[in-house]
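Each chain gets a letter, A, B and so on, in the order its sequence line appears, and its residues count up from 1.
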Amino acid sequence: MEMFFHGFMQRAFQASFLISLIAPMLGLFLILRRQSLMADTLSHISLAGVALGLLIGVNPTWTNILVVMVIAFVLEYLRIVYRTYSEVSIAIIMSAGLALALVLMSLNDGGATLSINQFLFGSIVTISKQQVWILLGLTVIIGLLYFIFRKPMYVLTFDEETAFTAGLPIKMMSILFNVLTGVTIAVIMPIIGALLVSAVIVLPAAISLRLSKSFNGVILFGIIIALIGTSSGLITSYELGTPPGASITLILIIIFAFTILMKYFMRHIKLEKLFSRSDGS
Amino acid sequence: MRYIEVKNLAFQYEEEPVLENISFEVHAGEFVMLTGENGAAKTTLLRNVLGLLKPSKGSVWLSPTNHIGEKLVVGYVSQQVASFNAGFPSTVLELVQSGRYQRGKWFKRLDGEDKKHVRRSLESVGMWEMRHKKIGELSGGQKQRISIARVFATDPDLLVLDEPTTGMDVHSQEEFYKLLQHNCIEHNKGILMVTHDHEQIRHYANKHIELVRKEGSPWRCFSMDSCKELSKHPS
């Protein structure tokens, strides 16, 4: 209980609660648009944004958001150019982001190594009030946009051509979605860490996809799963001194494995019941 | 009233021309079938008509309004639409309801009238009983049916259909064509449909466009053979 009296832990729980609300909404669309790796790409680009901020002496959160927003546009352009093998765009940008981050870091005479480590692996000790406020603002924006645009996004995700013929501005919607995903990653990266931020965004939706038949049901289950994963991950991180991103990811993976096993056994039980009924009749 | 006007359309992939000299019109209340051998660029032509591809020459014009002056609503069933992602988290009902969003319901709740449309559309393809099933659990033929039901639920002024009866048995096909014809005659819908089944459909359609390979071209390029009027009022 003592952990809840620390200011940094309170901020960590506030941040994780907000992340749990956003992650399943973005994660579901990323999975269904076959862009799960886009979160990973943007997190690598985020590193370059952070390295740039540290190099020129500007708050890395802002340079990070700026760089990620620019790349979100480039990603959409490359996705159209390489329409039939869109993962190429992800491979190009991911390696470009990491290469740029490494070059910028080396130009910084090694002074930024500690900060970069924090961005790579995440830290709950350093979450500031400002970060929580930014995250709250972002959660409100994403929540509102989801509420307003959930129907157009449903059709866009189901089939882009159907969405186009229905008169939806599919290019603008895709870019806006990429930008929002990028900004979210830039904001939560210092907490979760660049290497695992995509897992935290994608896993809750990936788990809940197996649990619900309906679109809204997946989002709802995703939020519950994300809440369980992030809060128990934070507690584990505090108690064992492990990195928060890694702890949360591992717990989400345990939930993932558990749901697969549960589904497997439930199907078996159902089949057995069915067979015993048909044997009896 | 003209819904589609295609004038001297040509289309090429990279340097290779695939369509040339295509001109036709589709009017309200007209059921037009588009045929041609495999690879005759029928789908490419439809995609040009819908604006999914840009013609390299000529023009495509889609009427902005319908026959009563309201915004023209287009319904499209593509060839691949039924091969949607099996893991897409949606029930049959949710998917077919999404057809109503186009009717000014992107940001509004569906009302009783919308729900009636959805029910009628699902019943017309025999899928009402399956409405609570996850779409990924359906067979290929059932997926095709709900894709059609979704378009019917939209109640579009112009239907653009790309081989919509793939996977349907003969009886269901007949019923489907009758339904299209009914929509055409009674509700003044315009229909442009790609099909291989022209012997069966010619009893229902009233215009036939055939794409044939262009003689003397070094490319596999197709042009219009003719645009035959089948009958003014199909039987």
- request: Starting at NZ of A/Lys151, measure out to CZ of B/Arg100 and round the result to the nearest 0.5 Å.
  value: 11.5 Å
- prompt: Does any heavy atom of chain A fall under 4.5 Å from the side chain of B/Glu94, the backbone, both, or neither of them?
  reply: both
task: Heavy atoms only: give me the nearest A/Thr162-B/Arg150 pair and the separation to one decimal.
output: CG2-NH1, 3.5 Å
task: Determine whether more than 12 heavy atoms belonging to other residues, nucleotides or ligands lie under 6.0 Å from atom OH of B/Tyr13.
output: yes
field: Side chain to side chain, A/Leu28 and B/Pro89, heavy atoms closer than 4.5 Å
entry: yes
task: Compare every heavy atom of A/Lys213 with every heavy atom of B/His132, then report the nearest pair and how far apart it is.
output: O-NZ, 3.5 Å
message: Can you tell me which of B/Leu52, B/Thr91, B/Leu50 forms the most heavy-atom pairs within a distance under 4.5 Å of chain A?
response: B/Leu52
query: With a cut-off of 6.0 Å (strictly less than), are more than 12 heavy atoms of other residues, nucleotides or ligands near CZ of A/Phe17?
result: no
task: Flag the one option from A/Asn216, A/Leu168, A/Ile31, A/Leu209 with the top tally of heavy-atom pairs under 4.5 Å to chain B.
output: A/Leu168
- prompt: Stepwise, does the side-chain contact (heavy atoms from CB on, under 4.5 Å) test hold for B/Tyr76 with A/Asp159?
  reply: CA-CA 11 Å; B/Tyr76 173 46; A/Asp159 182 47; 5.8 Å; no
message: Tell me if the CE atom of A/Met173 is crowded by more than 12 foreign heavy atoms within 6.0 Å.
response: yes
statement: Closest non-hydrogen atoms of A/Ser212 and B/Lys134, given as atom of the first, atom of the second and distance, are O-NZ, 4.2 Å
- prompt: By a 4.5 Å heavy-atom criterion (distance strictly below it), what part of A/Ser208 contacts chain B: side chain, backbone, both, or neither?
  reply: neither
query: Relative to chain B, which segment of A/Phe215 carries a heavy atom at a distance below 4.5 Å: side chain, backbone, both, or neither?
result: both
- prompt: Quick one: does A/Tyr154's side chain have a donor or acceptor within less than 3.5 Å of a partner on B/Leu95's backbone?
  reply: yes
query: Is it the backbone or the side chain of A/Ser214 that comes under 4.5 Å from a heavy atom of chain B, or both, or neither?
result: both
task: Only one of B/Phe107, B/Tyr101, B/Trp106 passes ring pair (Phe, Tyr, Trp, His ring centres under 6.0 Å) with A/Phe149; say which it is.
output: B/Phe107
